[in-house]
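One structure below.
The chains referred to below are lettered A, B, ... by the order of the sequence lines, with proteins before strands, and numbering in each begins at 1. Please read these numbers as outputs of a predicted model, since none were measured by experiment.
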There are 2 protein chains.
Amino acid sequence: MARTARATMKDVAALAQVSPKTVSNVVTGTVFVRPETVERVEAAMAELHFVPNLSARGLRNGRSGTIAVALPDLATPFSADLLHHIVDVAHERGFAVQIEETASEPGREEELVSRARAHLIDGLILNPIRLEDSVIEHADHLPPVVLIGEVEQQLTDRVLIDSRGAARDVTRHLIERGARRIAAVGGDDRADIATATSRLRLAGYRDALAEAGIDHDPRLEVNPFPWTTAAAAAAIDALDARGASFDAVVAFTDSLALGVLHVLNARGTRVPEDVLVTGFDDVEIAAFASPALTTVRLDRRAFAEEAFRLLEERMTERSAPPRAVTVPYEVIVRASTGGS
Amino acid sequence: MARTARATMKDVAALAQVSPKTVSNVVTGTVFVRPETVERVEAAMAELHFVPNLSARGLRNGRSGTIAVALPDLATPFSADLLHHIVDVAHERGFAVQIEETASEPGREEELVSRARAHLIDGLILNPIRLEDSVIEHADHLPPVVLIGEVEQQLTDRVLIDSRGAARDVTRHLIERGARRIAAVGGDDRADIATATSRLRLAGYRDALAEAGIDHDPRLEVNPFPWTTAAAAAAIDALDARGASFDAVVAFTDSLALGVLHVLNARGTRVPEDVLVTGFDDVEIAAFASPALTTVRLDRRAFAEEAFRLLEERMTERSAPPRAVTVPYEVIVRASTGGS
DNA sequence: CTGAAAGCGCTTACAG
DNA sequence: CTGAAAGCGCTTACAG
């Protein structure tokens with residue numbers, strides 16, 4: 001059970017009767033080595049179960065082969081799926097992924113930045129919650145950073161979604177289907193409290209109302225805390241307590257929408273006959289809600305790939321100007337708004 | 001934008017006018033250092049934005065402060081929630097978490113083992129899919145390993161759930177509520193193909209049937225591939241194609257149960273009046289399904305804590321005999337089987 | 001309580 | 001194409 005002493009390059013070199021340098025050349029593959037030598041070295045590595053010590057390599061190279069991914073809450077279906085794709089892409093490119101969760105405690109983002117520096121992280125993919133700029137403050141001590149999601153600064157590479165446009169489009173869809181009193185679950189415009197997601201999607205929602213000549217009614221805007229299915233269910237009760245009647249609900253995530261659907265179903269309110277409902281993200285279960293949920297699809301794979309591409313480019317080109325990539329979205333119409 | 005050169009302990013020592021050793025003592029806090037000296041060193045560290053280089057520390061100590069967590073599929077709500085708790089516990093204890101996904105490709109488990117060794121991982125928490133023993137083969141070259149979930153070997157520390165008992169209990173519950181023809185969605189007993197989860201839960205299901213004097217009917221046992229909501233929906237159609245009528249469904253995960261509910265709802269089959277449905281795991285949305293889902297609750301927090309506790313004990317006690325901890329489960333009765 | 005030296009396991013110039 | 005030496009930034013005995 002005890003771990004036997006690890007073989008080092010020196011051990012391999014001795015067994016293969018070459019110098020450590022030659023072993024290194026074989027392992028990294030950067031320099032041509034005579035085939036017979038390669039074979040001898042590889043046989044020795046196999047015999048000794050040699051695996052290069054990446055701490056040593058990292059110390060020497062200043063690179064660790066690890067990137068960090070920081071997401072607010074891993075248990076959120078959207079985050080989980082995004083992480084899945086990022087890990088997939090990272091492994092394809094030969095990077096390990098270290099995971100950080102930022103929503104659990106205040107100050108977590110700062111802590112992770114310090115951690116990122118300490119662990120010789122080669123890059124950081126960060127989905128910020130709120131204070132984007134705080135992290136960037138010491139950017140000159142940081143490895144390359146790519147921000148993803150709703151980002152409101154321009155100092156860093158970023159992969160964006162047009163949250164405002166998407167919220168506008170899905171609200172327009174509800175208006176086209178006849179809704180006039182549309183509740184916004186997740187909307188919040190308190191600058192110091194609301195997340196960027198909350199504010200941008202609320203703005204898009206109001207854009208659509210304004211276009212249609214509908215005054216927005218603050219009583220129809222409710223922000224569950226936290227953004228869980230349970231809190232969304234409670235939010236619907238809060239709307240009722242305000243006496244705010246509605247003929248549609250635009251929820252700012254699918255998780256929120258599921259809570260809304262649950263309450264409406266439990267009450268016998270029919271969806272879509274009595275109330276239309278939409279979500280955001282198109283997580284797997286959206287299509288299997290009862291009824292199937294109209295939502296905004298964000299391409300998580302594209303998200304992961306673009307983020308990684310920017311990160312790798314930044315690793316080689318530290319001083320290029322920051323770039324922004326926008327990932328497209330698409331409104332997916334399902335039964336919860338009457339189907340296609 | 002360019003990263004300025006990082007400060008080292010030598011730089012800090014020079015600025016604080018002490019030796020590098022003293023800086024090290026202040027940073028690690030293992031040896032008493034005079035308060036004035038501590039203050040001077042800390043001021044110097046702050047001024048230089050000093051963060052210790054963990055590659056160097058790892059190389060020197062043979063420890064990296066990082067554990068790896070390997071899960072089959074991060075996008076699964078159960079895995080995502082489990083990871084959330086593991087990350088939480090790990091950070092409390094000062095460990096970083098590196099994430100590995102094993103289901104995406106065959107051979108991933110082996111690859112991760114090699115990666116774990118290379119990255120100087122201090123420990124590995126692994127939720128195996130199938131070939132538990134393959135990973136253990138070279139255990140003497142591995143850091144401490146804790147297996148979690150359904151584990152069918154005894155060479156390693158492990159945190160178990162009594163899957164068979166839980167499946168038996170939830171099937172009993174269905175029988176008590178009057179079900180006689182109970183479909184098992186996720187059940188499979190093909191030794192070379194089925195996962196441990198699939199086989200153990202199927203065994204528990206059959207235990208309960210046998211107790212009640214009900215013969216098990218292979219036509220009622222169906223295993224969606226993969227274990228997604230979409231595949232579960234298709235599985236219900238497959239049952240119909242076989243002409244297998246049922247008055248209850250025991251699904252082996254909540255994700256599978258949601259697919260079952262969706263199909264039944266879409267058809268106008270009433271749950272629980274016409275068909276009873278149960279899930280497994282008690283993920284967040286289980287309580288918000290339509291109707292709310294009866295399921296087996298597994299305490300993910302306890303899972304994470306026990307796994308970490310075993311791992312840390314193993315780090316200090318390499319040669320103690322392997323231990324097993326079993327995490328309790330509980331059947332949560334909701335509307336999908338008629339409620340409490 | 002603090003200093004000077006050695007070494008963890010790699011890789012990168014520098015020679016041959 | 002391969003060897004011998006030096007050094008990445010820490011920490012651990014060894015002295016004082």
Side-chain angles (χ1 to χ4, degrees), chain A residues 3-42 44-45 48-66 114 117-122 141 143, chain B residues 3-42 44-45 48-66 114 117-122 141 143:
Chain A
R3 181 159 25 168
T4 57
R6 271 168 74 122
T8 71
M9 280 198 170
K10 215 167 134 189
D11 302 327
V12 174
L15 184 62
Q17 299 184 300
V18 296
S19 81
K21 168 71 193 305
T22 305
V23 179
S24 172
N25 286 341
V26 170
V27 170
T28 58
T30 44
V31 183
F32 181 87
V33 181
R34 224 183 318 152
E36 306 94 87
T37 313
V38 170
E39 211 169 295
R40 238 181 29 251
V41 169
E42 282 177 344
M45 293 198 295
L48 298 173
H49 296 290
F50 172 75
V51 177
N53 181 326
L54 295 192
S55 279
R57 184 182 287 175
L59 176 57
R60 177 65 239 214
N61 289 345
R63 291 182 13 91
S64 62
T66 299
S114 151
R117 296 173 60 202
H119 273 263
L120 271 192
I121 290 298
D122 294 341
H141 296 277
Chain B
R3 183 161 22 169
T4 57
R6 269 170 76 122
T8 72
M9 282 197 168
K10 217 166 130 190
D11 302 326
V12 174
L15 185 61
Q17 299 183 300
V18 296
S19 81
K21 169 70 192 310
T22 305
V23 178
S24 174
N25 287 342
V26 170
V27 171
T28 58
T30 44
V31 183
F32 182 86
V33 181
R34 222 182 322 151
E36 306 94 87
T37 313
V38 170
E39 210 169 297
R40 235 176 38 245
V41 169
E42 283 177 343
M45 291 198 296
L48 298 172
H49 295 290
F50 172 75
V51 177
N53 180 329
L54 295 191
S55 280
R57 184 183 287 173
L59 175 58
R60 177 64 237 217
N61 290 346
R63 291 181 14 90
S64 62
T66 299
S114 152
R117 296 175 59 202
H119 274 264
L120 270 193
I121 289 298
D122 294 340
H141 296 278

- Which residues pass the salt bridge (charged side-chain N to carboxylate O under 4.0 Å, His left out) test with Arg60(A), sequence neighbours left out?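 Checked Arg60(A) against salt bridge (charged side-chain N to carboxylate O under 4.0 Å, His left out); zero matches.
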For the student: nearest non-hydrogen atoms of [X] and [Y], plus distance:
| X | Y | result |
| --- | --- | --- |
| Phe50(A) | Thr8(A) | CE1-C, 3.7 Å |
| Pro52(A) | Val27(A) | CG-CG1, 4.4 Å |
| Ala16(A) | Ala44(A) | CB-CB, 3.9 Å |

- Can you tell me which stems DNA chain C forms when a stem means 3 or more consecutive Watson-Crick or G-U pairs under 3.5 Å?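 When the pairs of DNA chain C are grouped into runs of at least three, the stems are C:1-3 with D:14-16, C:5-12 with D:5-12, C:14-16 with D:1-3.
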- Query: By side-chain contact (heavy atoms from CB on, under 4.5 Å), which residues pair with Glu42(A), not counting sequence neighbours?
  - Reply: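 Once residues adjacent in sequence are excluded, the partners of Glu42(A) under the side-chain contact (heavy atoms from CB on, under 4.5 Å) criterion are Val26(A), Val38(A), Met45(A).
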- Message: So if I apply the side chain to side chain contact (heavy atoms under 4.5 Å, CB included) rule between Val41(B) and each of Val33(B), Asn25(B), Val18(B), which one comes out positive?
- Response: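 By the side chain to side chain contact (heavy atoms under 4.5 Å, CB included) criterion, Val41(B) pairs with just one of Val33(B), Asn25(B), Val18(B): Val18(B).
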- Hey, could you give me the CZ/OG distance between Arg57(B) and Ser24(B), rounded to the nearest 0.5 Å?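 Rounded to the nearest 0.5 Å, the CZ-OG separation comes to 7.5 Å.
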- Rounded distance [0.5 Å steps], CD in Gln17(A) versus OG1 in Thr37(A):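 That separation rounds to 11.5 Å.
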- Could you check if a side-chain atom of Leu59(A) sits within less than 4.5 angstrom of a side-chain atom of Asn53(B), using non-hydrogen atoms only?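 Yes, close enough: below the 4.5 Å cut-off.
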- Query: Can you list every salt bridge (charged side-chain N to carboxylate O under 4.0 Å, His left out) pair that touches residues 20-36 of chain B, not counting sequence neighbours?
  - Reply: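 The answer is Arg34(B)-Glu36(B).
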- Which of residues 16-27 of chain B sit near DNA chain D, with a heavy atom under 4.0 Å from it?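 The stretch gives Lys21(B), Ser24(B) as the residues lying under 4.0 Å from the strand, ordered by number.
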Return the polar atom pairs (N/O with N/O) between nucleotides 6-9 of chain D and the protein under 3.5 Å, or none.
from, atom 1, to, atom 2, distance (Å)
dG7(D), N2, Arg60(A), NH1, 3.4
dG9(D), N2, Ala56(B), O, 3.4

- Look at Thr37(B) and dC1(C) and indicate whether a side-chain polar atom (N or O) is within less than 4.0 Å of OP1 or OP2.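 It does not, given that no N or O in the side chain of Thr37(B) lies less than 4.0 Å from OP1 or OP2 of dC1(C).
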